[in-house]
**Student:** 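My questions all concern the structure below.
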Amino acid sequence: MTQKQTIAVVLAAYSILVATQVRAEGDWEGSIGIGVFSKPEYLGSSEQETSGFPVLELIWRDRLFIGPAGIGGYVVKTDDFSVSASIGYDEGRKESDSVFLRGLGDIDGGATYNLGVEYEFGPITPFFEVTKYSKGSEGVSASVGVEGMVPLSVLMGRASFASLAQSDSPADLGPMLTAGLSADWGNDDYNSTYYGVSAAQSATSGLSQYTAGSGFHAINFEIGLQVPITERFSLGGAVTYSQLTGDAKDSSIVRDTSGTSVGLFGVYRF
């Protein structure tokens with residue numbers, strides 16, 4: 001799995017945990033926590049890797065942010081619509097990440113320039129994100145999709161959105177089910193870097209030479225559960241299933257055309 005796809009999964013699971021937390025008083029608010037994440041060594045690998053990592057987000061006056069998406073701010077922000085711009089970091093890919101990548105060389109990490117658009121339509125949020133890479137592929141990737149969040153009590157008919165809107169604490173909402181569907185696109189530079197195999201790489205790795213052009217390279221389905229323990233502390237998790245598509249699925253580096261990522265998190269809002 002590439003760093004871009006890893007971040008997408010982390011953000012999806014992370015949003016599950018903080019979306020219903022209470023708003024802090026003052027100019028600053030934030031969240032801190034820890035998570036455990038299991039994912040394919042790269043999207044296309046048949047092997048998994050597991051690691052732990054901290055979760056941190058700071059927001060100033062609901063305009064500037066520091067967190068998983070990088071450092072940035074909202075160019076436009078209303079109750080329902082937002083446009084954000086940020087600078088982040090992409091780790092690239094190391095050939096030591098997997099035995100299947102040996103001989104392909106490293107993909108350098110570097111700064112990324114990101115633009116995101118969201119529109120909240122009740123419990124449903126369509127989104128579009130685009131990223132320009134300064135190093136590595138030096139290409140452009142994008143994700144488009146929709147995500148939603150619904151309290152289990154509403155799904156089971158024990159409550160309504162109108163009644164829950166009067167709740168004073170996130171704990172009153174009970175467990176929240178989330179789901180999302182998205183598609184990832186890359187231009188020629190991005191897809192050829194992550195899924196192509198040049199003549200030189202073929203000679204050193206033993207893999208067949210392969211050309212990957214621009215187009216959609218993955219479709220992702222995410223589902224998760226967030227359980228507020230108190231008005232400030234939540235536990236949760238998310239599972240993401242990703243399916244390679246287009247030129248990516250036929251690449252000679254691919255050992256499995258699909259992959260599943262699982263994250264478990266605990267987050268405290270302050």
Side-chain angles (χ1 to χ4, degrees), residues 5-24 29-37 55-59 62 65 67-69 74 76-84 116-129 143-184 219-242 260-270:
Q5 292 156 340
T6 300
I7 290 175
V9 174
V10 172
L11 287 176
Y14 181 76
S15 67
I16 292 171
L17 301 171
V18 302
T20 60
Q21 295 287 16
V22 294
R23 184 177 180 83
E29 60 179 320
S31 300
I32 189 170
I34 191 168
V36 178
F37 194 58
V55 177
L56 175 66
E57 182 181 54
L58 295 173
I59 302 174
D62 209 23
F65 56 80
Y74 293 100
V76 177
K77 195 171 196 314
T78 67
D79 289 341
D80 301 321
F81 179 74
S82 68
V83 179
S84 64
V117 180
E118 290 187 353
Y119 179 75
E120 294 184 14
F121 187 72
I124 304 299
T125 304
F127 65 89
F128 173 74
E129 302 165 350
S143 294
V144 60
V146 61
E147 58 189 10
M149 177 180 289
V150 180
L152 288 182
S153 58
V154 172
L155 288 177
M156 299 176 67
R158 297 201 305 261
S160 67
F161 283 110
S163 63
L164 292 177
Q166 308 303 317
S167 300
D168 295 325
S169 167
D172 297 336
L173 301 177
M176 305 282 289
L177 180 69
T178 68
L181 180 66
S182 63
D184 299 330
I219 297 173
N220 315 291
F221 174 70
E222 302 155 4
I223 188 166
L225 184 69
Q226 177 253 336
V227 182
I229 306 303
T230 69
E231 67 175 16
R232 295 188 180 275
F233 180 69
S234 292
L235 295 174
V239 178
T240 300
Y241 173 82
S242 298
T260 301
S261 302
V262 180
L264 300 174
F265 304 84
V267 170
Y268 177 81
R269 186 80 166 176
F270 57 86

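Keep in mind that this is a model prediction, so the values were computed, not measured.
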**Student:** Can we call the ring centroids of Phe65 and Tyr74 under 6.0 Å apart?
**Tutor:** yes
**Student:** Any chance you could measure Ile32, atom CD1, to Leu58, atom CG, to the nearest 0.5 Å?
**Tutor:** 8.5 Å
**Student:** Could you measure the distance from the CZ atom of Phe270 to the OG atom of Ser31? Nearest 0.5 Å is fine.
**Tutor:** 6.5 Å
**Student:** How many angstroms lie between atom CD1 of Ile59 and atom CD of Glu29, to the nearest 0.5 angstrom?
**Tutor:** 4.5 Å
**Student:** Please name the pair of heavy atoms, one in Asp79 and one in Glu120, separated by the smallest distance, quoted to 0.1 Å.
**Tutor:** O-OE1, 4.0 Å
**Student:** Set out, in order, the CA-CA distance, both residues' side-chain angles and the distance that settles side chain to side chain contact (heavy atoms under 4.5 Å, CB included) for Val154 and Leu152, then state yes or no.
**Tutor:** CA-CA 5 Å; Val154 172; Leu152 288 182; over 6 Å; no
**Student:** Step by step, work out the side chain to side chain donor-acceptor pair (under 3.5 Å) result for Ser234 and Gln226.
**Tutor:** CA-CA 7 Å; Ser234 292; Gln226 177 253 336; 3.0 Å; yes
**Student:** Could you walk me through whether Asp184 and Val144 pass the side chain to side chain contact (heavy atoms under 4.5 Å, CB included) check?
**Tutor:** CA-CA 7 Å; Asp184 299 330; Val144 60; over 6 Å; no
**Student:** What is the distance from atom CD1 of Ile223 to atom CD of Glu147, rounded to the nearest 0.5 Å?
**Tutor:** 13.5 Å
**Student:** State, to 0.1 Å, how close Gly237 and Leu264 come at their nearest heavy-atom pair, and which atoms those are.
**Tutor:** CA-CD2, 4.1 Å
**Student:** Apply side chain to side chain donor-acceptor pair (under 3.5 Å) to residues Thr240 and Asn220 and explain how you reach the verdict.
**Tutor:** CA-CA 7 Å; Thr240 300; Asn220 315 291; over 6 Å; no
**Student:** For the CD atom of Glu118 and the NZ atom of Lys77, what is their distance to the nearest 0.5 Å?
**Tutor:** 9.0 Å
**Student:** Which residues pass the side-chain hydrogen bond (donor to acceptor under 3.5 Å, both in side chains) test with Tyr119, not counting sequence neighbours?
**Tutor:** none
**Student:** Grab the two heavy atoms, one from Ser261 and one from Phe37, that are nearest each other, plus how far apart they are.
**Tutor:** CB-CZ, 4.0 Å
**Student:** Passes side chain to side chain contact (heavy atoms under 4.5 Å, CB included), Val117 versus Phe81? Steps please.
**Tutor:** CA-CA 8 Å; Val117 180; Phe81 179 74; 3.6 Å; yes
**Student:** How far apart are the closest heavy atoms of Leu56 and Pro68, and which atoms are they?
**Tutor:** O-CD, 3.6 Å
**Student:** Measure across Arg269 and Gly30 and return the closest heavy-atom pair with its distance rounded to 0.1 Å.
**Tutor:** CD-O, 3.2 Å
**Student:** Please report the shortest heavy-atom distance between Phe127 and Val146, naming the atom on each side.
**Tutor:** CE2-N, 3.6 Å
